[in-house]
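Here is the structure we will look at, set down as structure tokens.
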Amino acid sequence: MKKGYFGQWGGAFIPEVLYATFADLNKAYEAARADSSFWQEYVDLMGNYSCRPTPLTFAENLTRHLGGAKIYVKREDLNHTGAHKANNVMGQGLLVKRMGKKRVIAETGAGQHGVATATMAARFGFDCTIYMGEEDVARQRPNVFWMEKLGATVVPVTDGSRTLKDAMNEAFRDWVASMDDTHYVIGTVCGPHPFPEMVAWFQSIIGIEAKKQIMAQHGRMPDRVYACVGGGSNAMGIFQGFLDEPSVELIGVEAGGKGIATGQHASRMVDGCGATPGVAQGYKTRFLQSEEGQMLDTHSIAAGLDYVGVSPILADLGEKGRVRFESATDQEVLEALSLSMRIEGITPAMESSHAFVQAFKEAPKMDKDQAIIINMSGRGDKDIFTIAHAFDDPSWKEFIVKRADEYRK
Ligand SMILES: *Cc1c(COP(=O)(O)O)cnc(C)c1O
């Protein structure tokens, strides 16, 4: 198979000026991969700085409540900065150090990848510029605040719809002019080769740990593994622990938004979602796009799943039938989140709650001696504005108004 392709998906569709930069990146990545001391350095760093290995929690109360398969939760929420994103950015940070570059750039939509990248840059002493659509800068003020306090420069992008894809274009523009000393930290298993493969490699630490942990706790492989899918990095992370175990069913859960039939969703793999093959943002995958190839507006209550494309690796695994894809609606997500909080005391991020929805639908129909793992990609604390608004909590509104009044004085 051609390098960087997964079946018909993937590739590296990049402007000629970036060929040399990508050649250098490929060389550094392949050398790191061939050098076991690099992986050990990465594992040590994650143990020392980001709470790895993260626990595999047996969700005893949820298991009893739902009355079927044993439910285990892989706790990526306990990573530094609250999600699996730390695995990727810290890995790329080590690689940047190895390449001798001094500056990193990234694009961010909801701001989570921006905060993670700014954190990594602070730790390694890199200069850091984060591109963010002007619209998103306004919507995600708390994350912009943290990025700036971590020492990053946040550049609001005023082109186009002033959201994620415009920020991505601007980041590529920067890279063309700065590639000698700058690395572009792509945030998920998408974009041109080697990013999908490289990010999947860093995230595989989730699956490596989970496989060992489930063997120790349950004594055999799980029957099913669930993960939410935005770009696909947390899903690829945990799935890699089980891809070679044909008895383990892998389920990717996409953002169903207001329902697939409404068109207001961010699902690219489920039946009827409307996604079609295309080449954009440097790679080939299934995109939510018009017949003319214009990217469509997507919707999800979970900002991290609100993306037009999907990992080429997952597009291939879906096409081959190795990963089953489902979707969860915004409403279902809120219900699963409430249940997890009330009876298990865990608060999954809106994104992660999508995986919980599908697991909760299926677990009751399974036998008590079966087991499933839900990948909890992140913690819900970051979502307090969205969650409180969605629950229409009156005392929260009062609090916000009171705070605003204090600032007006
Ligand atoms: C960013 C994010 C996601 C979506 O990204 P993937 O690459 O699909 O994993 C999911 N969950 C959380 C908590 C996130 O922050």
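Note that the numbering runs from 1 along the sequence shown for the chain.
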Taking atom types as modelled, is there a side-chain donor on [X] or [Y] under 3.5 Å from an acceptor on the other?
{"X": "S37", "Y": "D35", "result": "yes"}
{"X": "T298", "Y": "D306", "result": "yes"}
{"X": "Q203", "Y": "N88", "result": "no"}
{"X": "H299", "Y": "D330", "result": "yes"}
{"X": "D166", "Y": "S161", "result": "yes"}

To the nearest 0.5 Å, tell me how far [X] [atom1] sits from [Y] [atom2].
{"X": "D369", "Y": "R220", "atom1": "CG", "atom2": "CZ", "answer": "5.5 Å"}
{"X": "N26", "Y": "R33", "atom1": "CG", "atom2": "CZ", "answer": "12.0 Å"}
{"X": "K85", "Y": "S233", "atom1": "NZ", "atom2": "OG", "answer": "6.5 Å"}
{"X": "E107", "Y": "T117", "atom1": "CD", "atom2": "OG1", "answer": "8.5 Å"}
{"X": "L95", "Y": "H183", "atom1": "CG", "atom2": "NE2", "answer": "6.5 Å"}
{"X": "F360", "Y": "E332", "atom1": "CZ", "atom2": "CD", "answer": "12.0 Å"}

Looking at [X] and [Y], would you say the former's side chain and the latter's main chain have a donor-acceptor pair under 3.5 Å?
{"X": "D174", "Y": "I105", "result": "no"}
{"X": "H113", "Y": "T188", "result": "no"}
{"X": "E351", "Y": "G304", "result": "yes"}

L18 vs V176 side-chain heavy atoms within contact, under 4.5 Å: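 In contact.
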Within a strict 4.5 Å, meaning less than it, do heavy atoms of the M46 and V43 side chains meet? no
Report the residues that fulfil salt bridge (Lys or Arg N to Asp or Glu O under 4.0 Å) with K397, sequence neighbours left out, ordered by chain and then residue number. D392
For residues E344 and L62, report the shortest heavy-atom separation together with the two atoms involved.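 Shortest heavy-atom contact: OE1-N, 2.8 Å.
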Verify the neighbour count for atom CG of D297: are there more than 12 heavy atoms of other residues, nucleotides or ligands below 6.0 Å? no
NZ of K361: more than 12 outside heavy atoms within 6.0 angstrom?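 Enclosed.
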What verdict does the salt bridge (Lys or Arg N to Asp or Glu O under 4.0 Å) test give for D24 and K27, after you've listed the backbone C-alpha separation in whole Å, the side-chain angles of each residue and the deciding distance to 0.1 Å? CA-CA 5 Å; D24 287 348; K27 216 167 110 195; 5.5 Å; no
Residues passing the side-chain hydrogen bond (donor to acceptor under 3.5 Å, both in side chains) test with Q8, sequence neighbours excluded, are K284, E319
Would you mind checking if K211 and D244 are paired as a salt bridge, meaning a charged N to carboxylate O distance below 4.0 Å? no
Show your reasoning for whether salt bridge (Lys or Arg N to Asp or Glu O under 4.0 Å) applies to E30 and K3. CA-CA 12 Å; E30 275 162 25; K3 222 177 169 79; 3.3 Å; yes
The test is side-chain hydrogen bond (donor to acceptor under 3.5 Å, both in side chains); show your working for E76 and T54 and say whether it passes. CA-CA 6 Å; E76 290 305 297; T54 59; 2.9 Å; yes
By side chain to side chain contact (heavy atoms under 4.5 Å, CB included) - contacts of F399 (at least two apart):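 Side chain to side chain contact (heavy atoms under 4.5 Å, CB included) list for F399, sorted by chain: W396, R403.
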Report the C-alpha separation of K365 and E362 in whole Å, then their side-chain angles, then the decisive distance to 0.1 Å, and conclude whether the salt bridge (Lys or Arg N to Asp or Glu O under 4.0 Å) test is met. CA-CA 6 Å; K365 299 178 207 153; E362 298 181 13; over 6 Å; no
My understanding is that only one of F22, Y131, W175 makes a ring-ring contact (aromatic ring centres under 6.0 Å, His included) with Y184; could you say which?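 One option only clears the test, and that one is W175.
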Check the orientation of W201 and W39. Use parallel for under 30°, tilted for 30 to 60°, and perpendicular for over 60°. tilted
